[in-house]
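The structure under discussion appears below in the form of structure tokens.
Naming convention: chains lettered A, B, ... in sequence-line order (proteins, then strands); numbering from 1 in each chain.
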2 protein chains.
Amino acid sequence: MAAGTELFARHGFEGTRVEQIARKARVNKAMISYHFGGKAGLYRAILLSLFTETVERIRELKDSPEPADVLLRTFVRNFTELVARQPSVPMMLVREAISGGRHLDREVLPCFTAIFSVVREIIEKGTRDRTFRQVDPLLTHLSLIGSLVFFFITAPLRDRLISEAHVRAEKPEPEAYVRHVQDLMTRALAAEAPPAAPVERT
Amino acid sequence: MAAGTELFARHGFEGTRVEQIARKARVNKAMISYHFGGKAGLYRAILLSLFTETVERIRELKDSPEPADVLLRTFVRNFTELVARQPSVPMMLVREAISGGRHLDREVLPCFTAIFSVVREIIEKGTRDRTFRQVDPLLTHLSLIGSLVFFFITAPLRDRLISEAHVRAEKPEPEAYVRHVQDLMTRALAAEAPPAAPVERT
DNA sequence: GTCTATAGGCTGATAGAC
DNA sequence: GTCTATCAGCCTATAGAC
């Protein structure tokens with residue numbers, strides 16, 4: 001599964017050969033059919049395992065009593081650490097998103113809404129107690145996750161552009177990006193004026 | 001080429017059949033080999049055409065005398081309008097990025113750096129004249145483009161999630177997203193204090 | 001459970017007529 | 001330039017021995 005994860009993420013479902021996976025995992029080609037019911041079966045198993053695990057970790061934030069701005073910073077850090085350890089997650093996520101989720105069934109689909117749900121609750125908590133200004137939770141979710149995901153899915157290309165000297169820059173570290181996005185979102189969502197003079201909305 | 005663009009974007013290079021493209025374009029399968037030198041040739045031609053055209057439009061901003069914050073807002077609008085009209089651009093861009101630019105040669109690669117170059121100049125202009133706070137141009141570029149691109153590449157999946165009622169929300173309009181990201185970035189990059197008390201850096 | 005050998009299907013490319 | 005017919009290669013899945 002580890003071998004398949006990496007190859008599927010990198011080359012996509014159709015771009016990956018079963019024999020390639022078998023070789024990398026040092027198992028026999030036929031074993032994949034035997035244990036997972038074929039290439040598609042392995043792919044589904046990987047998707048399910050990857051996404052449910054990710055969502056589990058993200059969900060830990062759900063019942064935290066921390067204020068919204070702290071929660072948001074923690075979310076950025078946790079999400080980043082998660083995908084930094086498993087870059088295949090954002091890659092497969094994006095591949096599935098582009099193709100409209102062709103390989104996503106009733107088991108995996110909820111994972112996507114689950115992540116949105118976590119972000120939405122943080123945003124709504126923040127707007128409720130005036131820590132954040134009024135923003136659309138879905139649009140904010142998209143721009144936040146988009147920023148984070150894009151950093152990791154473009155890593156392979158960035159490496160190539162930098163090493164081939166097309167762009168003169170240093171490989172940015174995930175740690176630096178965490179702080180960047182944390183600051184970005186904190187400032188972007190900060191309530192307009194200090195909460196001293198809130199606009200009452202009975 | 002239009003047919004190929006759509007199919008390659010949606011299903012990837014390996015996931016697309018030459019016959020599929022031919023049928024969609026209502027031409028003969030053999031014609032693709034004849035005119036483009038095969039499937040890979042068509043793919044390259046599409047990539048080149050798509051990205052050079054996009055970069056051309058983006059570059060128009062390069063020599064504008066507008067202040068940085070206005071430029072940034074204009075960039076967000078122009079970029080969004082561009083990809084809203086051609087959703088295949090971000091999809092293929094992301095596909096290539098994930099796979100490390102396997103199909104990108106010396107002709108197309110500069111397009112990627114060109115876009116960064118435009119954003120970087122806007123950011124640097126802003127930090128220079130204290131319109132923006134001090135931020136890393138590359139990280140800012142990644143979070144900005146990431147936000148914009150993610151919105152469009154996830155459109156197919158979002159449509160499915162919403163129509164299958166997994167998530168109760170309305171399909172967000174590109175226009176609304178433009179304003180959202182404009183506000184986000186404007187606030188996120190705004191100089192800390194009003195430029196009255198700048199930190200001199202002789 | 002594991003492996004080898006093979007079948008069966010599909011795909012991209014092209015030879016050659018028009 | 002366009003089309004039809006066909007080929008050669010590759011890939012997944014599986015039958016069957018161990």
Exercise for the section: Determine which pairs satisfy side-chain hydrogen bond (donor to acceptor under 3.5 Å, both in side chains) with at least one residue from residues 17-46 of chain A, sequence neighbours left out, and list them in order. Expected result: Glu6(A)-Lys24(A), Tyr43(A)-Glu96(A), Arg44(A)-Asp105(A)
Exercise for the section: Check the angle between the aromatic planes of Phe8(A) and Phe13(A) and answer parallel, tilted or perpendicular using the 30° and 60° thresholds. Expected result: parallel
Practice task
Calculate the interatomic distance between Leu42(B) atom CG and dT11(C) atom P; express it in whole Å.
Solution key: 17 Å
Exercise for the section: Please determine if Arg158(B) forms a cation-pi arrangement with Phe116(A), meaning its NZ or CZ atom is less than 6.0 Å from the six-membered ring centre and no more than 45° off the ring axis. Expected result: no
Problem - Partner residues of Phe132(A) under the ring pair (Phe, Tyr, Trp, His ring centres under 6.0 Å) criterion, sequence neighbours left out - result: none
Exercise for the section: Side-chain contact test, heavy atoms from C-beta onward, threshold under 4.5 Å: evaluate it for Leu42(B) versus Ile21(B) and give yes or no. Expected result: yes
When you compare the protein's N or O atoms with those of nucleotides 8-18 of chain D, which come within less than 3.5 Å of each other, and at what distance?
{"from": "dT12(D)", "atom 1": "OP1", "to": "Thr16(A)", "atom 2": "O", "distance (Å)": "3.3"}
{"from": "dT12(D)", "atom 1": "OP1", "to": "Val18(A)", "atom 2": "N", "distance (Å)": "3.4"}
{"from": "dT12(D)", "atom 1": "OP1", "to": "Lys39(A)", "atom 2": "NZ", "distance (Å)": "3.0"}
{"from": "dT12(D)", "atom 1": "OP2", "to": "Val18(A)", "atom 2": "N", "distance (Å)": "3.1"}
{"from": "dA13(D)", "atom 1": "OP2", "to": "Lys39(A)", "atom 2": "N", "distance (Å)": "3.0"}
{"from": "dA13(D)", "atom 1": "N6", "to": "Lys29(A)", "atom 2": "NZ", "distance (Å)": "3.4"}

Handout entry: Rounded distance (Å) that lies between atom P of dC3(D) and atom CZ of Arg23(B)
Key = 16 Å
